[in-house]
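Report on one structure; see the data block that follows.
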Amino acid sequence: MAVPQNDVAFDTWSLPDSDEDKQSTHAATLEDEEEEDAEAEEDQRRTTYRTHAKYLYDTLQTTAIDARACTLQSAAELTMNGAVLENRFISGTYGQGRCKQHYIVVYKCCTPNRHAEHYSWSRVNTTTGELGGEAAGPKMELEVEYRLYHEGDVAALRVWDCNPSILATRALEGTDINVFNTTKQLWAKPKPKAPNAKALAISDAVTTPYLKAQKAVAMQDKLRMDEWEEHEGVNTPDLRLTGLAAPGTGLDISPGKEGYVAASTSAGGTLVWRLCDAERGETALAPTSTTLIAPSVGATESDSDFDTALRFNSEQAELLLGVANTDMFLCDVRDPERPRQWRPGGVAGRLLCVDWNIHTPTTFAVGASDGATHVFDVRNATSPVYTFTGHSGDVFSVGWCPHQPSVLATGSGDGTVCLWDIRGRDAGCHPVADVDKCPKELFFKHDGHSYGETEIGAVAWCRNEELKGLVASIDMDPSAPELHVWRPRNSFWVDTSG
């Protein structure tokens with residue numbers, strides 16, 4: 001008689017699955033199928049987006065970043081390196097416990113010079129869907145240039161326009177404002193090349209000179225990578241601004257030579273310092289006045305990450321505007337005890353961000369938690385002049401175009417960046433999508449950040465005339481955050497000069 005195999009005997013005598021086991025198996029199968037469908041849908045969206053990118057963008061660059069960020073600013077200087085224009089954006093990590101090391105990072109964006117000989121955008125990289133012109137000679141690049149190690153999450157970062165080598169930051173859980181003179185700081189070099197995995201796996205006992213050399217190079221690359229990833233310590237600020245009793249996220253530096261710095265707290269109120277008061281060798285600076293500006297504005301709930309958003313006026317450098325919850329305040333920081341405070345009508349959501357129009361210094365825009373963007377005239381700011389409703393999530397970032405006075409950009413929790421023209425479609429704006437459903441002021445929507453499934457942390461316009469119309473946006477995807485630098489094609493703009 002043949003003896004049954006062990007696996008046959010086991011299958012014959014095993015007990016039948018219980019109803020609970022069957023339900024659990026069925027649920028796991030459904031979950032796997034849903035994940036596969038979601039991945040297939042995302043792949044399809046990515047393919048469609050990449051396919052149509054050449055018809056939408058004059059410039060499109062993307063890069064993965066090490067940690068998500070909620071702050072982004074364009075550097076003022078522009079370097080012309082032959083046929084290449086080098087522009088820089090500054091940001092900082094905002095991992096909220098996901099980062100081993102926090103740092104300020106400078107991204108270098110290289111684009112072909114439009115005025116260079118043999119300039120061409122006619123070619124598209126079919127692998128990535130990005131533009132840049134393989135026939136244009138120099139290729140577009142977006143990469144980390146330097147980084148500066150920071151104590152804690154970078155909740156806010158601002159560069160002093162009057163002296164671009166000075167930048168101020170604040171940590172998510174700290175109370176002091178950190179001021180760095182970047183010309184005196186030791187910046188870390190870019191991320192080194194990853195070691196060759198196959199070369200690392202070569203046995204130490206190998207005697208072939210070529211393989212031994214490969215192994216040695218891989219080990220050196222691994223050492224550099226380990227040192228880069230496991231860096232300990234932080235860069236010490238050149239100056240600390242003291243006096244705040246609670247942490248917060250609001251921060252700005254006035255564009256004037258006095259260098260007023262304003263910072264808000266989550267407990268409500270704002271303090272102001274003046275950088276020109278700091279003496280040589282001084283490491284701490286007290287505020288110009290210990291009296292909080294508008295102490296009732298900016299008190300947030302315990303689950304909120306945002307308090308008072310602050311911006312100095314571009315023309316009157318001492319004029320400070322703050323928005324929080326449903327309130328606004330305006331004051332001259334030389335007389336901080338007499339702010340003008342009001343609650344505008346026509347605003348339903350909490351006010352999260354603000355920016356002045358540098359071309360029309362009496363106009364400012366605010367983003368709200370209900371997805372709306374409001375434009376006000378400070379001479380009669382009791383109600384908005386314009387209201388745009390094109391986002392389905394909170395508007396976390398708003399910025400006026402430095403080269404076209406009627407255009408502004410907004411970044412939202414719905415994962416998209418919208419470009420608006422307050423003149424509307426009647427002025428000649430190119431419509432997007434369904435003209436009947438599209439707000440008349442909306443002329444472009446960038447939804448390449450995880451395709452609408454992540455929050456936009458910050459949006460910044462390139463301030464250089466040579467690269468006008470160029471936008472940078474950074475997202476807060478917890479697993480794979482990205483930085484995008486892009487510009488819509490000329491056909492989308494009212495004024496094709498950008």
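Between the CG atom in Asp355 and the CG atom in Asp252 there is a gap of 9.0 Å [rounded to 0.5 Å]. Note that the OG1 atom of Thr265 and the CG atom of Leu292 stand 6.5 Å from one another [nearest 0.5 Å]. With rounding to the nearest 0.5 angstrom, the CG atom of Asn87 is 9.5 Å from the SG atom of Cys110. With rounding to the nearest 0.5 Å, the separation of CG in Asp370 from OG1 in Thr389 is 9.0 Å. Rounded to the nearest 0.5 Å, atoms OG1 (Thr182) and CG (Leu167) are 6.0 Å apart. Put simply, CD1 on Ile253 and OH on Tyr260 are 14.0 Å apart, with the number rounded to the nearest 0.5 Å.
In this structure, Glu315 has no salt bridge (charged side-chain N to carboxylate O under 4.0 Å, His left out) partners at least two apart in sequence or on a different chain. For Arg88, the salt bridge (charged side-chain N to carboxylate O under 4.0 Å, His left out) criterion is met by Glu86, Glu145, not counting sequence neighbours.
In this structure a side-chain-to-backbone donor-acceptor pair under 3.5 Å is present from Ser412 to Asp394. Listed for the Glu466 side chain is no donor-acceptor partner under 3.5 Å among the backbone atoms of Leu85. For the pair Ser406 (side chain) and Ile422 (backbone), a donor-acceptor distance under 3.5 Å is absent. One N or O on the side chain of Arg487 and one on the backbone of Lys468 form a donor-acceptor pair closer than 3.5 Å. In this structure, Arg463 contributes its side chain and Ser74 its backbone to a donor-acceptor pair below 3.5 Å. When atom types are taken as modelled, the side chain of Arg158 and the backbone of Gln73 share no donor-acceptor pair closer than 3.5 angstrom. With hydrogens and angles disregarded, no donor-acceptor distance shorter than 3.5 Å links the side chain of Thr362 to the backbone of Asp377. Judged by distance alone, with hydrogens and angles left aside, the side-chain atoms of Arg274 form no donor-acceptor pair with the main-chain N or O of Thr288 at under 3.5 Å. Looking only at distances, a side-chain donor or acceptor of His359 sits under 3.5 Å from a matching main-chain atom of Pro402.
Shortest non-hydrogen contact noted between Ala372 and Val395 is O-CG2, 3.8 Å. Across every non-hydrogen atom of Cys462 and Leu467, the tightest pair is SG-CB, 3.7 Å. When all heavy atoms of Ala409 and Val459 are compared, the pair lying nearest together is CB-CG1, 3.9 Å. Closest non-hydrogen pair, Gly345 versus Pro384, comes out as O-CD, 3.1 Å. Residues Val106 and Ile90 come closest through the heavy atom pair CG2-CG1, 4.3 Å. Between Ser91 and Leu72, the shortest heavy-atom distance links the atoms CB-CD1, 4.0 Å.
Using a 4.5 Å heavy-atom threshold, the side chains of Val272 and Pro287 count as separate. For the pair Asp176 and Glu151, the minimum side-chain heavy-atom distance is 4.5 Å or more. By the 4.5 Å heavy-atom criterion applied to side chains, Trp493 and Pro488 are counted as neighbours. For the pair Glu482 and Asp477, the minimum side-chain heavy-atom distance is 4.5 Å or more. A 4.5 Å side-chain heavy-atom check between Leu60 and His446 finds at least one atom pair inside the cut-off. At least one side-chain heavy atom of Thr308 sits under 4.5 Å from a side-chain heavy atom of Phe329. When side chains are defined from C-beta on, Leu241 counts as touching Val179, because their heavy atoms get closer than 4.5 Å. At least one side-chain heavy atom of Tyr94 sits less than 4.5 Å from a side-chain heavy atom of Asp153.
With respect to the salt-bridge test (charged N to carboxylate O, under 4.0 angstrom), the residues Asp421 and Arg423 qualify. A salt bridge is defined here as a Lys NZ or Arg NE, NH1 or NH2 lying under 4.0 Å from an Asp or Glu carboxylate O, and Asp414 with Lys445 fails to meet this definition.
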For this session: Might you work through the side chain to side chain contact (heavy atoms under 4.5 Å, CB included) test for Val144 and Thr63, ending with a clear yes or no?
Result: CA-CA 9 Å; Val144 174; Thr63 185; over 6 Å; no
For this session: Applying side chain to side chain contact (heavy atoms under 4.5 Å, CB included), run through His150 and Phe180 and close with a yes or a no.
Result: CA-CA 10 Å; His150 190 266; Phe180 297 92; 4.1 Å; yes
Problem set entry | Check against side chain to side chain contact (heavy atoms under 4.5 Å, CB included), Val375 and Thr363 | CA-CA 7 Å; Val375 177; Thr363 303; 3.6 Å; yes
For this session: Give the C-alpha distance, both sets of side-chain angles, the deciding distance and a yes or no for side chain to side chain contact (heavy atoms under 4.5 Å, CB included) between Trp461 and Val471.
Result: CA-CA 5 Å; Trp461 291 90; Val471 186; 3.5 Å; yes
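Side-chain atoms of Thr62 and His484 form no donor-acceptor pair, as typed in the model, at a separation below 3.5 Å. Side-chain polar atoms of Arg240 and Asn178 form a donor-acceptor pair below 3.5 angstrom. In this model, no donor atom of one side chain and acceptor atom of the other lie less than 3.5 Å apart for Asp475 and Ser473. If you check the side chains of Thr382 and Trp342, you find no donor sitting under 3.5 Å from an acceptor.
The residue from Phe443, Phe388, Trp400, Tyr386 that alone fulfils the ring pair (Phe, Tyr, Trp, His ring centres under 6.0 Å) condition with Trp420 is Phe388.
Between Phe444 and Phe492, the ring planes are perpendicular. Angles over 60° get that label, and only those under 30° would be called parallel. Under the 30°/60° scheme for interplanar angles, the aromatic rings of Phe364 and Phe376 are found to lie parallel.
Counted within 6.0 Å of CD on Glu318, heavy atoms from surrounding residues, nucleotides or ligands total more than 12; the atom is thus considered enclosed.
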